[in-house]
**Student:** 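First the structure, which I've put down as structure tokens, then a few questions once you've had a look.
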Amino acid sequence: MGTWIKETDKALYLMDGGYYIDSIPKRPSTTNPKEQIANIEALKAWFRRADKPRRMTVSVGTGAPEPAPIPATDPQPVPPMPESRPSESGAPEHDGMRIKIIGDTFFKRSLKNSSQLSDQDKVQVRNGQTFDIEYYTDVGQNHWLVELLEPTVGDRQTTSWYVFAPHVELITAIRLTVISDTLFKHEPKLSIDLPASAKKFVGNGTQLMLFAYEPAAGNHTKIQLANTIPNLDKTRPWYAFAPDIRIRGQHQVLQVISDTLFKARPVQSIDLADSDKVFVRNKTIFWVQSYSQPENLHIRVALQGAFLGPQNRNTWYCFIPDIRILGSSIGDNLYDPDSRNRDVSSPTDRGVPLQFPGFEGTYFSNDPIYFETQYGDRGHFTWGQALHADAETGFYRRPENANVVYNILDMAKVMEDIQRRYANKPIQITSWYRDPETNAAIGGASQSRHMAGDAVDFVVPGVHPYDVYADLNPWWGNRGGLASSTVFTHIDMRGYGARWDYGY
């Protein structure tokens, strides 16, 4: 009978039979506690589906239970995340990467065919075995170099082994489910524009594990496979039409994009002892537990389950141009309840008076942040947009300190750059500054860049957010974070490259 929409006390649901495929939660209104609000922009994606909803039911105030998510139907389900276990040395439980062998193969000491190696330089491992690893490196020629957490094979002393990539899977917490027959593609284009060799059919119900994903042009999602299925090479990225897939789960990944040194301090490597630095090859992948703000072109990263160097450190300073961080848990994925767009008004109505800590005088909500931009024209963004000023109540989100104001000034220049790229499409701001109280009230990330004033969620009218992401990605580079949902694009000035997909 196709899909349909159901409204309940708590949410709007896209239903398939008696289960829901997707949901849009309701939130309390900030102006009327008896009312609920929902970001219905997400409904647009529902109506772009091949099986778009054709009817709706309302179940409000009935006391009926909320719908349950649609159960998995894959005949070959993805294995669950394994539980951590103590290492052989008695160290704390490993919470990092694990791999599973999916075909009888060899661990090898060098990058050669197993037939060219002596028995001392290779170890046979059987299908189904699993191993705790600290990280892996894609060394080309369809091989990974894996670093075992413990020397559990061969001579029980070696931890670094080469393995044939199609014979190994990375076990992750990110699950992709295909919810409509689709094509995985080499490029984010219409399938009719690609040769047969650049697209592969993937059936409804197929489930896969991913190690990373991010938005791509044309309402596509760029995915990096962690496991292998027939006809899909996991050593290359694939693009899937976003409405045809559902992704659940998240983690943060550090991707080394150039040979580099991890350091104990954020200084030049020549100033460090050999024990305070470790060489890391290009195309190495780590799980990330946490990280701090930039310092001297470095960020301090706590690796998850990886212990490097003679002192077995898991916390290192990484040179920003040599790394990239991926993962959906690094940003806010929340709807800002005060997301009304505010246009620049005429000078005759300057709007709400504003006071900034560390600044003298009075500012006004309808004034542009820059009366003259870096391009010589009148600014397109107002203090009211940045601080979510309400002309009816006079309320605005007062900056916590002067640094927030300076960050808003810097971010406004970035937004003017973006506006210039879309000259005929006035950008709409959905979220800029969040004071700590507002951020806590809506459940924002504890380290949200919105609280610093240098993060903006915005919409370019008539342009899909994934297309905006694809356009800005190479331009923004390592200057900060960039992310997208199907509703808005996020950009921030954190000072290092971070990319993610909100997954809705």
**Student:** Looking only at atom types and distance, does a side-chain atom of Ser365 sit under 3.5 Å from a main-chain N or O of Gly384, one as donor and one as acceptor?
**Tutor:** no

**Student:** Would you indicate whether the side-chain heavy atoms of Tyr433 and Asn407 approach each other to under 4.5 Å?
**Tutor:** no

**Student:** Please find out if less than 6.0 Å separates the ring center of Tyr422 from that of Phe458.
**Tutor:** no

**Student:** Taking the side chain as every heavy atom from C-beta outward, state whether Val256 and Phe286 have any atom pair closer than 4.5 Å.
**Tutor:** yes

**Student:** Quick one: does any side-chain atom of Glu134 pair with a main-chain N or O of Phe307 as donor and acceptor, under 3.5 Å?
**Tutor:** yes

**Student:** What class does the angle between the rings of Phe262 and Trp316 fall in, given that below 30° is parallel, 30 to 60° is tilted and above 60° is perpendicular?
**Tutor:** tilted

**Student:** Looking at Trp432, I'd like to know if the NZ or CZ of Arg434 sits under 6.0 Å from its six-membered ring centre while staying within 45 degrees of the ring's axis.
**Tutor:** no

**Student:** Using side-chain contact (heavy atoms from CB on, under 4.5 Å), reason through Leu303 and Thr315 one step at a time and then give a plain yes or no.
**Tutor:** CA-CA 6 Å; Leu303 305 176; Thr315 301; over 6 Å; no

**Student:** Report yes if the side chains of Tyr239 and Thr221 come closer than 4.5 Å at any heavy-atom pair, otherwise no.
**Tutor:** no

**Student:** Report yes if the side chains of Asn366 and Thr382 come closer than 4.5 Å at any heavy-atom pair, otherwise no.
**Tutor:** no

**Student:** Between the side chains of Tyr317 and Asn296, does any donor sit under 3.5 Å from an acceptor?
**Tutor:** no

**Student:** So, the side chain of Tyr396 versus the backbone of Ala386: is there a donor-acceptor pair under 3.5 Å, distance only?
**Tutor:** no

**Student:** Hey, what do you get for OG1 (Thr182) to CG (Asp244), rounding to the nearest 0.5 Å?
**Tutor:** 3.5 Å

**Student:** Nearest heavy-atom pair of Ser484 and Pro215: which atoms, and what distance?
**Tutor:** CB-CG, 3.5 Å

**Student:** If only side-chain N and O atoms count, and only distance matters, is there a donor-acceptor pair under 3.5 Å linking Gln355 with Thr362?
**Tutor:** yes

**Student:** Supply the atom-to-atom distance Asn478 CG to Ile320 CD1, rounded to the nearest 0.5 angstrom.
**Tutor:** 7.0 Å

**Student:** Any side-chain donor-acceptor pair under 3.5 Å between His388 and Asp390?
**Tutor:** no

**Student:** Run the ring-centre check on Trp383 versus Phe356 and record whether the distance is less than 6.0 Å.
**Tutor:** yes

**Student:** Examine the side chains of Lys263 and His298 and answer whether a donor and an acceptor come within less than 3.5 Å of each other.
**Tutor:** yes

**Student:** Could you check whether any side-chain N or O of Lys199 sits under 3.5 Å from a backbone N or O of Phe184, counting only pairs where one atom can act as donor and the other as acceptor?
**Tutor:** no

**Student:** Let me see the working for Val60 and Thr8 under side-chain contact (heavy atoms from CB on, under 4.5 Å), right down to the final yes or no.
**Tutor:** CA-CA 5 Å; Val60 176; Thr8 70; 5.8 Å; no

**Student:** If you round to the nearest 0.5 Å, how far is CD1 of Ile245 from CG of Asn204?
**Tutor:** 12.5 Å

**Student:** State, yes or no, whether a side-chain contact exists between Arg398 and Pro357 at a heavy-atom distance under 4.5 Å.
**Tutor:** yes

**Student:** Return the minimal non-hydrogen interatomic distance between Pro294 and Arg494, and the atom names on each side.
**Tutor:** CG-O, 3.0 Å

**Student:** With the side chain counted from C-beta on, respond yes when Trp4 and Lys6 share a heavy-atom pair under 4.5 Å apart, and no when they do not.
**Tutor:** yes

**Student:** Check whether more than 12 heavy atoms from other residues, nucleotides or ligands sit under 6.0 Å from atom CZ of Arg300, and answer yes or no.
**Tutor:** no

**Student:** Carefully, step by step, assess Tyr13 and Glu66 under the rule side-chain hydrogen bond (donor to acceptor under 3.5 Å, both in side chains).
**Tutor:** CA-CA 9 Å; Tyr13 294 96; Glu66 298 294 305; 2.6 Å; yes

**Student:** Any idea how His490 and His450 line up, ring-wise: parallel (<30°), tilted (30 to 60°), or perpendicular (>60°)?
**Tutor:** perpendicular

**Student:** Is there a donor-acceptor pair closer than 3.5 Å between any side-chain N or O of Asp457 and the backbone N or O of Thr430?
**Tutor:** no

**Student:** Looking only at side chains, do Glu416 and Thr373 share a donor and an acceptor under 3.5 Å apart?
**Tutor:** no

**Student:** How close do Ile179 and Pro243 get, heavy atom to heavy atom, and via which atoms?
**Tutor:** CD1-O, 3.6 Å

**Student:** What heavy-atom pair brings Cys318 and Leu254 nearest, and what distance separates the two atoms?
**Tutor:** SG-CD1, 4.1 Å

**Student:** Do you know which two heavy atoms are closest between Pro426 and Asn424, and how far apart they sit?
**Tutor:** CD-O, 3.7 Å

**Student:** Assess the residue pair Phe488 and Tyr502 against the criterion (ring pair (Phe, Tyr, Trp, His ring centres under 6.0 Å)); give the C-alpha distance rounded to whole Å, side-chain angles, the decisive distance to 0.1 Å, and a yes or no.
**Tutor:** CA-CA 10 Å; Phe488 64 86; Tyr502 286 113; 5.1 Å; yes

**Student:** Please report the interatomic distance CE(Met97) to CD(Gln304), rounded to the nearest 0.5 Å.
**Tutor:** 9.0 Å

**Student:** About how many Å separate CD of Gln255 and CD1 of Ile285, when rounded to the nearest 0.5 Å?
**Tutor:** 4.5 Å

**Student:** So, does Asn227 use its side chain to make a donor-acceptor pair with the main chain of Leu208 at under 3.5 Å?
**Tutor:** no

**Student:** side-chain contact (heavy atoms from CB on, under 4.5 Å), that's the test. Do Trp287 and Phe211 meet it? Break it down for me.
**Tutor:** CA-CA 9 Å; Trp287 284 173; Phe211 86 77; 4.1 Å; yes

**Student:** Does any non-hydrogen side-chain atom of Ile408 lie less than 4.5 Å from one of Ile369?
**Tutor:** yes

**Student:** Are any side-chain N or O atoms of Thr172 and backbone N or O atoms of Leu210, one a donor and one an acceptor, separated by less than 3.5 Å?
**Tutor:** yes

**Student:** What heavy-atom pair brings Gly394 and Val352 nearest, and what distance separates the two atoms?
**Tutor:** O-CG1, 3.5 Å

**Student:** Determine whether more than 12 heavy atoms belonging to other residues, nucleotides or ligands lie under 6.0 Å from atom NZ of Lys200.
**Tutor:** yes

**Student:** Checking the side chain of Asp492 only, and the main-chain atoms of Gly481 only, is there a donor and an acceptor separated by less than 3.5 Å?
**Tutor:** yes

**Student:** Quick one, Met15 and Pro67 - any side-chain contact, counting heavy atoms below 4.5 Å?
**Tutor:** yes

**Student:** Would you give the length of the straight line joining atom OH of Tyr466 to atom CD of Glu214, rounded to the nearest 0.5 angstrom?
**Tutor:** 10.5 Å

**Student:** Please assess Gln207 against Val178 for the test side-chain contact (heavy atoms from CB on, under 4.5 Å), listing each intermediate value before the final yes or no.
**Tutor:** CA-CA 6 Å; Gln207 293 189 3; Val178 177; over 6 Å; no

**Student:** Hey, do the aromatic rings of Phe319 and Tyr496 have their centres closer than 6.0 Å?
**Tutor:** no

**Student:** State whether the side chain of Asn401 and the backbone N or O of Val404 hold a donor-acceptor pair below 3.5 Å, judged by distance alone.
**Tutor:** yes

**Student:** Distance alone, cut at 3.5 Å: any donor-acceptor contact between the side chains of Asp417 and Gln374?
**Tutor:** yes

**Student:** Does Met411 offer a backbone N or O that forms a donor-acceptor pair with the side chain of Asp454 under 3.5 Å?
**Tutor:** no

**Student:** Is the count of non-hydrogen atoms from other residues, nucleotides or ligands lying under 6.0 Å from Gln268 atom CD greater than 12?
**Tutor:** no

**Student:** Going by an N to O cut-off under 4.0 Å, is there a salt bridge joining Lys185 and Glu187?
**Tutor:** no

